[in-house]
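Nothing here was measured: the structure is a model prediction, and the numbers come from that model.
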Amino acid sequence: MSLMDSIAPSHLSMPVSGPVSAEDLGEILTRLRAAQPLVQCLTNTVVTNFTANALLALGAAPAMVDVPVEADEFARIASGVLVNLGTPHGEQRAGMLEAARAANAVGTPWVLDPVAVGALSVRTAFAGKAMELRPAVVRANASEVIALAGTGAGGRGVDATDGVESARGAALALAARTGGTVAVSGPVDLVLDAGRAVRVHGGSALLTRVTGGGCSLGAVTAAFAAAAGDPFAGAVAAHAMYAVASEAAAERCSGPGTFAPAFLDALASTTPEDLAKKAVLR
Amino acid sequence: MSLMDSIAPSHLSMPVSGPVSAEDLGEILTRLRAAQPLVQCLTNTVVTNFTANALLALGAAPAMVDVPVEADEFARIASGVLVNLGTPHGEQRAGMLEAARAANAVGTPWVLDPVAVGALSVRTAFAGKAMELRPAVVRANASEVIALAGTGAGGRGVDATDGVESARGAALALAARTGGTVAVSGPVDLVLDAGRAVRVHGGSALLTRVTGGGCSLGAVTAAFAAAAGDPFAGAVAAHAMYAVASEAAAERCSGPGTFAPAFLDALASTTPEDLAKKAVLR
Amino acid sequence: MSLMDSIAPSHLSMPVSGPVSAEDLGEILTRLRAAQPLVQCLTNTVVTNFTANALLALGAAPAMVDVPVEADEFARIASGVLVNLGTPHGEQRAGMLEAARAANAVGTPWVLDPVAVGALSVRTAFAGKAMELRPAVVRANASEVIALAGTGAGGRGVDATDGVESARGAALALAARTGGTVAVSGPVDLVLDAGRAVRVHGGSALLTRVTGGGCSLGAVTAAFAAAAGDPFAGAVAAHAMYAVASEAAAERCSGPGTFAPAFLDALASTTPEDLAKKAVLR
């Protein structure tokens, strides 16, 4: 079930870990639930609650610590860090830079979600600074990946107007800049680093009818990256978990309102065996 | 089913569009779902999530852009803007003025929700400035409308302690100041502009047992105003949609907790035909 | 069903009201629903929505007023005040001190929830200032109580890593400092003041799988403290209500996602008779 894309060796800028199979994902989820990674989220005001609940349902521990000084302190004890630019108020921006620097100082993976970058000037300028701090994973939709790579005009808010495949070149360029992983979310997700690429299939479109579907995936990516040790494998596991859990939830709801609690239930009830069996990687 | 109140011509300060029928509301909802209006919300920290989910369920696209500089930029590309004074922190207040001015500059309708105005000094002073920018729609409960018009002492937080009809004179005074629409929410909603008035009947009281019922209605009013072209017709459509959807949700829940997701489901499943058939305008 | 612990008279620093029985709790809930106390919450961005919905479901009225100047104004008309240090941004910290001082000035009970105190420096320093303003109730988990009393190293975010009984000495020390009540949440809750102590048994562990379970309990404690007149009795009632309602909700859900709305339903549907009958105090 797992077919890896090969990327030309010229793109390699870091040691390549091995490919990732659906079976590996089950093992990573087992490790996550045993370790209960502590994920520090510096995220937007719209999705804090849903993000924390997604982490709790999954088996991780959320901590929304984004006040300056504390952001630095907490990143030194967190297992993973999310920096999401959805509502980047001034005090939070200061906290974000602190957290990213502290995470780097102690070798903790941090995830950048450059919400609506390109369309808006404050976050676009800030995202440039954040990229210099080399996030372990950039998680975004195609429009944002293209904008962040400087090759497009940006999206309209959090909607992707560009297709995932159209962002492949931009994603590779970003991976080269950070030396890390880039995960492009869409109907089919594309996760790649300098030496590997996987497409994650499946998932319910209802996830796009609930605010925070993508934003919480950034936090869950940080949790899985911490559990996996390998940010690429963690990003693949997170995206596969969202595909599998959202499909399960779609069968147990009657609209976008009841989908959200059903999705949290599914994050909690999906077993490592379910994930290994149902994840579709190509 | 649609009976319009006539208002004396002396109140007219802008060209009067025609009256609005229940059938018109179905057509406006059809247009909204086709256009998927992009609604910028500068709103309070309590209801951001529910507001975004209400817009998504309805078929609109939310964007909570409230950081200064970006607030101006985004209002120039948004279809409609909401300014809600529920938790008006300093940085957000600056963004709110930017957004309202930018919306006016490009002719985009913006909605003012003066939460708890009158009772609290920071927002009361700010609401005065906001009113000078002439919102296309003021959406509020009776106590807030009376306080904003300077004829009362304000409510206690977000509860209406005055009846909707008691706010009719104040609403007319506000409409005269803005040249726009005023929507007074209550057991029966009163929507009026300088030349028209409609009462929207129905709706479940459970909507008042969930935080963000009224606040999200402000955002939905901005979405419908954008879709309708006519802010008055848009406000009527929004309030009728909330009445119809909340009644449907009340039949599928077992309390205020399960009402909220059922209400979002109902916003998504209510068709233009449902709205035209079930809206009660008098 | 109600067995009180006696505390040595040397701990007494304020007049002791009588013990609290399960029957008393039903009476306090009846009073709360009649009075609909207005609870001002200065709380973190993660749980504002859930907290407001918990208060509404219970029968109280939430108001999230935390902007400086307004925080002072509102505390003078509120029935109870919550100060929760979960995401203590600078502007909010100023509002918190205003609210606590104003509450004291007019004799309104205020509750301090020192989230993650000890682990993080900004809130730890701030919590020291807040303690000087003598909250009527400190509500926290065991790790936070120990850290606040200066006898431990703090927890990891909002999780309790220490047992409730291990915090008994620290809780007594805090009660001596404030002259008020300290409520330590855990599998069994311990509520005490200088002269009384009660353990509240029961409750579903699902409450710990939803963000805001503890934070909203702080707001509900403020509501019950206002209704009871006696902060100790109010704190016991709040914790018993959460135990009873969470057990009812656990029977009507299929995971942490559907637990949250079921819990809000249960807060609304639990009657004074249910509370008096099901509360387990020892």
| message | Please classify the contact of B:T208 with chain C as side chain, backbone, both or neither, using a heavy-atom distance under 4.5 Å. | response | backbone
| Is the closest side-chain donor-acceptor distance between B:Y242 and B:S185 under 3.5 Å? | no
| Is a side-chain donor or acceptor of C:S79 paired with a backbone partner of C:L38 at a separation under 3.5 angstrom? | yes
| said: Determine whether a donor-acceptor pair (N or O, by modelled atom type, separation under 3.5 Å) exists between the side chain of C:R139 and the backbone of C:G214. | reply: yes
| query | Does the C:E144 side chain pair with the main chain of C:A116, one donor and one acceptor, at a distance under 3.5 Å? | reply | yes
| Results of side-chain contact (heavy atoms from CB on, under 4.5 Å) for B:V188 - residues two or more places apart only | B:R199, B:H201
| message | Can you tell me which portion of C:E91 sits under 4.5 Å from chain B's heavy atoms? Options are side chain, backbone, both or neither. | response | side chain
| request: Work out which heavy atom in C:A226 is nearest to a heavy atom in C:G80; give both atom names and the distance. | output: CB-N, 4.4 Å
| task | Run the salt-bridge test on C:E27 and C:R31 with the 4.0 Å N-O cut-off and return the result as yes or no. | result | yes
| said: Sub-4.5 Å heavy-atom contacts with chain C: which residues of residues 260-269 of chain B show up? | reply: none
